[in-house]
Amino acid sequence: MGRGKLRIYLGAAPGVGKTYAMLSEAHRRVERGTDCVVAFVEHHNRSRTEVMLHGLEQVPRKHLDYRGSAFTEMDVDAVLLRAPAVALVDELAHTNVPGSRNAKRWQDVEELLAAGIDVVSTVNIQHLESLGDVVESITGVRQRETVPDEVVRRADQIELVDMSPQALRRRMAHGNIYKSDKVDAALSNYFRPGNLTALRELALLWVADRVDEYLTEYRSEHRVSKIWGSRERIVVGLTGGPEGRTLIRRAARLAEKGAGGEVMAVYIARSDGLTSASPKELAVQRTLVEDLGGTFHHVVGDDIPVALLDFARGVNATQIVLGSSRRKTWQYVFGPGVGATVARESGPDLDVHIVTHDEVAKGRGLPVARGARLGRSRIIWGWVVGVGGPVVLALLLNTIDLGLANDMLLFLTVTVAAALLGGLFPALASAAFGSLLLNYFYTPPLHRLTIADPKNIVAIAIFVGVAVSVASVVDLAARRTHQAARLRAESEILSFLAGSVLRGETSLEALLERVRETFGMESVALLERAGDVDPWTCAGSVGPRSPKRPEDADVDMPVGDHMALALSGRVLPASDRRVLAAFAAQAAVVLDRQRLQHEADQAKELAEGNRIRTALLAAVSHDLRTPLAAIKAAVSSLRSDDVAWSEEDQAELLEAIEEGADRLDHLVGNLLDMSRLQTGTVTPLIREIDLDEVVPMALGGVPEGSAELDIPETLPMVAVDPGLLERAVANLVENAVKYSPSDEPVLVSASAMANRVEVRVVDRGPGVPDEAKDRIFAPFQRYGDAPRGAGVGLGLAVARGFAEAMGGTLNAEDTPGGGLTMVLTVRAVHSLPDLATATAERQAS
C-alpha cells in the first residue's frame with residue numbers, strides 16, 4: 001500500500017473559512033462515491049460550519065481525562081481500523097492532551113498517511129514553526145502550538161483560503177467567528193486591520209514559495225536552463241558547534257525577508273575524516289534546518305573556504321551566513337580564519353554575513369586546513385621541539401653538570417615530546433641532533449665527535465633506539481586514528497545514503513546532485529549502453545558539461561557491465577572510491593525503480609483502457625444491434641412485394657426507421673464524447689452567455705410537453721462553453737425523461753447562489769439510493785433494471801465530464817417527495833464591485 005496524499009487548506013487567521021472549505025471538499029468527494037470520514041473536525045459552535053457536518057460519517061472521538069477535566073481527541077486507532085479512503089483532520093498544529101497516542105496532531109496525521117489514507121487538513125499561517133517569532137512581533141501573541149514547516153511543505157496540495165481583512169472583520173462583527181461577548185476584544189486586539197494584513201501577506205508569500213518549488217521541479221524535469229525568475233538562496237556554514245542553531249535561525253529570518261528565500265545548511269567534512277564536530281549537535285541542527293523548511297548538505301573538502309564557496313556558487317546562492325570565529329587571539333597566527341577568507345574570496349555576487357554568538361573566542365571553531373594526518377600545527381611544533389629543543393637543552397646543561405645519564409634522559413624526553421607532537425620525522429631529527437650534541441658536549445673526549453669509552457657508545461645507541469621506537473609508535477597511532485576517522489566519515493555518508501533510501505527519496509537527479517556535493521565535483525552523469533559496442537547514453541546528469549562517455553570523465557565508477565557513474569571536476573584518491581561505489585550502486589537502483597514505476601503506470605493505463613474497451617464492447621453489442629435490427633426490419637417490410645402497406649402502416653414503419661436512426665446517432669455521439677473525455681482532448685471555449693440562450697435548445701431531443709422550463713430573466717450571465725453546456729443539459733433531460741412517469745413532466749430550473757449558478761433537472765422517477773449516486777456517473781453504468789433502449793450508460797458520464805471541463809460540477813440529489821434531481825453548477829459572471837468580498841464572506845461562514 002502506498003503512502004496517502006495530504007491536502008492542506010492554509011489560512012491567514014481564524015475564521016477565513018478553512019474548515020468550511022474542507023467540509024465542502026468532503027461533500028464533493030462523498031457525492032463522487034469516495035469513502036470519506038470525519039476523523040476530527042472542530043466547528044467552534046459556528047452554525048454554518050456545523051451544518052456542513054451533516055451527511056458525513058464521523059469517527060467517534062477518544063475521551064481522555066486530564067487533571068480532573070474531560071477532553072476529546074482524534075482516535076487514531078479507530079480511524080486506522082475504519083481505513084477510509086479520505087480522512088478529515090482539522091487543526092493540524094493542535095497539541096494533543098497528555099495520554100494521547102502522539103504529542104501533536106500532525107504526528108497522528110503522519111500515521112494515517114503512512115497507512116495509505118489520504119488526509120485533508122487545515123492550518124493557519126501563524127502556526128508554522130519558522131514564523132513563530134515574526135507572528136509574535138506582529139500580534140504580540142506567542143503561538144505555543146506549531147507544526148514543522150516541512151510537514152506542510154510535503155503536502156501534495158496546498159490551497160490558500162484567502163479573505164480580505166475588511167471582510168474578515170465584518171464576519172467577526174456579525175458573530176460568525178466568536179461569540180458576541182468576545183467580538184469587541186478580538187476586533188481591538190488580534191483582529192486589528194494591520195495584524196490581519198501582515199498575516200495575509202505572510203500566507204501569500206509562503207504559498208508563493210511553494211509555487212516556486214513546483215516551478216523548480218518543473219524546470220528540473222523538463223531541463224529548462226533559461227532563468228525565469230530569481231530568489232534568495234542563503235547558505236549557512238556549520239562547524240558542528242553549538243552556535244549553528246543561532247546561525248540557522250538567523251538565516252531563516254533573512255530568507256523570510258525575501259520573496260521565496262531558501263536556506264541551505266552545509267557542513268564541510270575533511271577528506272581525512274578528522275573533525276572536532278559533535279555528531280549529536282549536527283543531528284540537532286539538521287533537524288532544525290529541515291523543520292524550518294531548509295535543507296542540510298554534507299560536503300567533503302580539505303580547504304574549507306574553497307569548498308564552501310564552491311558549494312555556494314554551485315547552488316546559485318546569493319548570501320552566506322557564517323558565525324564569528326571561536327578562535328582565541330593567539331590562534332590567528334596560523335591564518336586569517338574561514339570567515340575572513342570567505343569574505344575576501346566571495347566576490348561581488350555573494351554577500352557574506354558574519355553573525356555574533358555566545359561562543360565567540362571561546363575556542364577555535366573551524367580548524368585550519370591540514371596537510372597531513374597529525375595536522376599542520378602539530379607538525380610545525382614537532383619540528384620546532386625536535387630541532388630547537390636539543391639546542392635549548394644543551395645551552396642549559398652547559399651551565400650545570402648533571403652527569404651523562406641524566407643528560408641522556410633529558411635529551412630522550414625532548415625526542416619523545418617531538419614524537420608526540422610531530423610524529424616520526426621530527427622525532428628522528430631530534431634523536432640524530434640530540435645524539436650529536438651528547439657526543440660533542442658531554443661524552444669524553446669533549447668537543448670532539450669521537451667516543452673514548454665503549455660504554456658511552458652503547459648508551460647513545462640505546463638512546464637512539466628508544467627515540468626511534470617511541471616515534472614509530474606515535475606515528476602508527478596517528479595512522480590508526482586517521483583510518484578510524486576516515487571510516488567514521490565514510491559510515492556517516494553511507495548512513496545518510498541508506499537513510500535517503502528509507503525516506504523514499506527516489507529522484508535520480510537528487511542523488512546525482514548529492515554525489516556532486518559530497519565529492520566537490522563540477523558535474524556528474526549516470527551513463528548506460530545496451531551492449532559492449534553500443535554508444536553510451538545519459539540516463540541522468542547534473543552540473544554543466546557533464547561527460548558523455550566514461551573516457552571523458554575525471555573519475556568513472558562502473559556499475560555492472562553496461563552502466564557507469566562519470567564525474568568531472570577533479571581526480572579522486574583511491575580511498576574515496578569505496579564510498580563512490582556505494583553511490584553508483586544506489587544510482588542504478590534508483591534508475592531501475594523509476595523505470596519500473598513508469599512501466600507500472602503504463603500498465604495501469606493499459607489496464608484501464610482495456611477495461612473501458614471491454615465495457616464498451618459488452619455494452620454496445622446489444623444497443624447497436626437493436627436499432628439496426630429495427631431499421632432493417634422496417635426497410636425490408638417496405639420493400640416487400642408480398643404485402644400491400646397502407647399509408648398509415650408505411651408512416652409507422654418510416655417513423656420506426658427514423659427513431660432507430662436517432663437512437664444510433666445519439667449513441668454514436670455519446671461514444672465520441674466519451675472518447676474525447678477519456679483522451680483529454682476536450683478543450684472548452686469559455687465565454688459569457690445567458691442561460692436562456694442555451695438551455696431551451698437542449699430540450700429539442702425530448703418529446704414536446706415532457707419537460708418544463710423555469711429560467712428567471714434576472715439570473716446573471718455564466719462563463720461556459722455553450723456547446724458543452726447544451727450537450728450536458730440535453731443528456732440530463734433525456735435521462736430524466738427516460739425514468740420519469742409520462743404524466744409527470746421533468747422540471748428544468750435555474751437559480752443563482754453566491755458566485756455560481758445552479759441548473760436543476762428534477763424528475764419524479766424511482767430515484768437512486770445514496771450509495772449508488774456516484775456510480776451512476778461512471779461510464780457504461782445503468783442503474784437497476786434499465787428499460788429497453790436506455791442506452792449504454794454514457795449520458796451522465798459525458799454530462800459530468802463536460803461540466804468539470806468547464807470548471808463546474810454535476811451531482812445527484814434526492815427530489816423531495818420522490819425522484820432524482822441533477823444539480824449542474826457553473827460559474828456566474830457578476831459586475832457588482834463588492835460581490836467578491838460578499839462571496840468570500842459567505843464561503844468562509
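If you're wondering where the values come from, they're calculated on a predicted model, not measured in any experiment.
The minimum heavy-atom distance between Ile177 and Gly15, with the atom names listed, is CD1-CA, 3.8 Å. Of all heavy-atom pairs spanning Ile689 and Pro722, the tightest one is CD1-CG, 3.8 Å. The heavy-atom pair separating Ala39 from Val79 by the smallest distance is CB-CG2, 3.8 Å. Scanning all heavy atoms of the two residues, the minimum distance from Arg105 to Leu92 falls at CB-O, 3.8 Å. Shown here for Phe40 and Met74, the closest heavy-atom pair between the two residues is CD1-N, 3.6 Å. Taking each heavy atom of Gly705 and Pro745 in turn, the nearest pair found is O-CB, 3.7 Å.
No donor-acceptor pair closer than 3.5 Å links the side chain of Arg827 to the backbone N or O of Gly807. Counting only distance, with no hydrogens or angles, the side chain of Arg764 and the backbone of Gly819 share no donor-acceptor pair below 3.5 Å. A side-chain donor-acceptor contact under 3.5 Å links Arg800 to the backbone of Leu810. Remark: the backbone N or O of Val761 is not paired with any side-chain donor or acceptor of Thr821 at under 3.5 angstrom. Although no hydrogens or angles enter the test, the distance criterion places a donor-acceptor pair under 3.5 Å between the side chain of Lys773 and the main chain of Val768.
Around CD of Glu57, the count of heavy atoms belonging to other residues, nucleotides or ligands within 6.0 Å exceeds 12. In Gln650, the CD atom is crowded: over 12 heavy atoms of neighbouring residues, nucleotides or ligands sit closer than 6.0 Å. In His598, the NE2 atom is not crowded: 12 or fewer heavy atoms of neighbouring residues, nucleotides or ligands sit closer than 6.0 Å.
A heavy-atom distance below 4.5 Å is found between the side chains of Glu110 and Arg3. Residues Lys5 and Gln157 are not in side-chain contact: their nearest non-hydrogen atoms beyond the backbone lie 4.5 Å or more apart. Asp108 has its side chain out of reach of Val89: every pair of non-hydrogen atoms, C-beta onward, lies at least 4.5 Å apart. Taking the side chain as every heavy atom from C-beta outward, Leu732 and Leu796 approach each other to under 4.5 Å.
The pair Glu734-Lys738 does not count as a salt bridge, with every side-chain nitrogen at least 4.0 angstrom from each carboxylate oxygen. Between Arg28 and Glu31 no salt bridge is recorded (no basic side-chain N to carboxylate O distance below 4.0 Å). By the 4.0 Å N-to-carboxylate-O rule, Arg200 lies close enough to Asp162 to be salt-bridged with it.
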- Task: Might you work through the side chain to side chain contact (heavy atoms under 4.5 Å, CB included) test for Asp90 and Met22, ending with a clear yes or no?
- Result: CA-CA 9 Å; Asp90 207 3; Met22 178 179 67; 4.1 Å; yes

- Derivation and outcome, side chain to side chain contact (heavy atoms under 4.5 Å, CB included), residues Ile125 and Leu10: CA-CA 7 Å; Ile125 194 66; Leu10 176 70; 4.2 Å; yes

- Would you sort out whether Val16 and Lys18 count as a side chain to side chain contact (heavy atoms under 4.5 Å, CB included), showing the intermediate values? CA-CA 6 Å; Val16 296; Lys18 302 180 301 299; 3.8 Å; yes

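Applying the salt bridge (charged side-chain N to carboxylate O under 4.0 Å, His left out) definition to pairs two or more places apart or across chains, none involves residues 695-709.
Tested against Val720 for a side-chain contact (heavy atoms from CB on, under 4.5 Å), the candidates Val829, Leu725, Val757 yield a single pass: Leu725.
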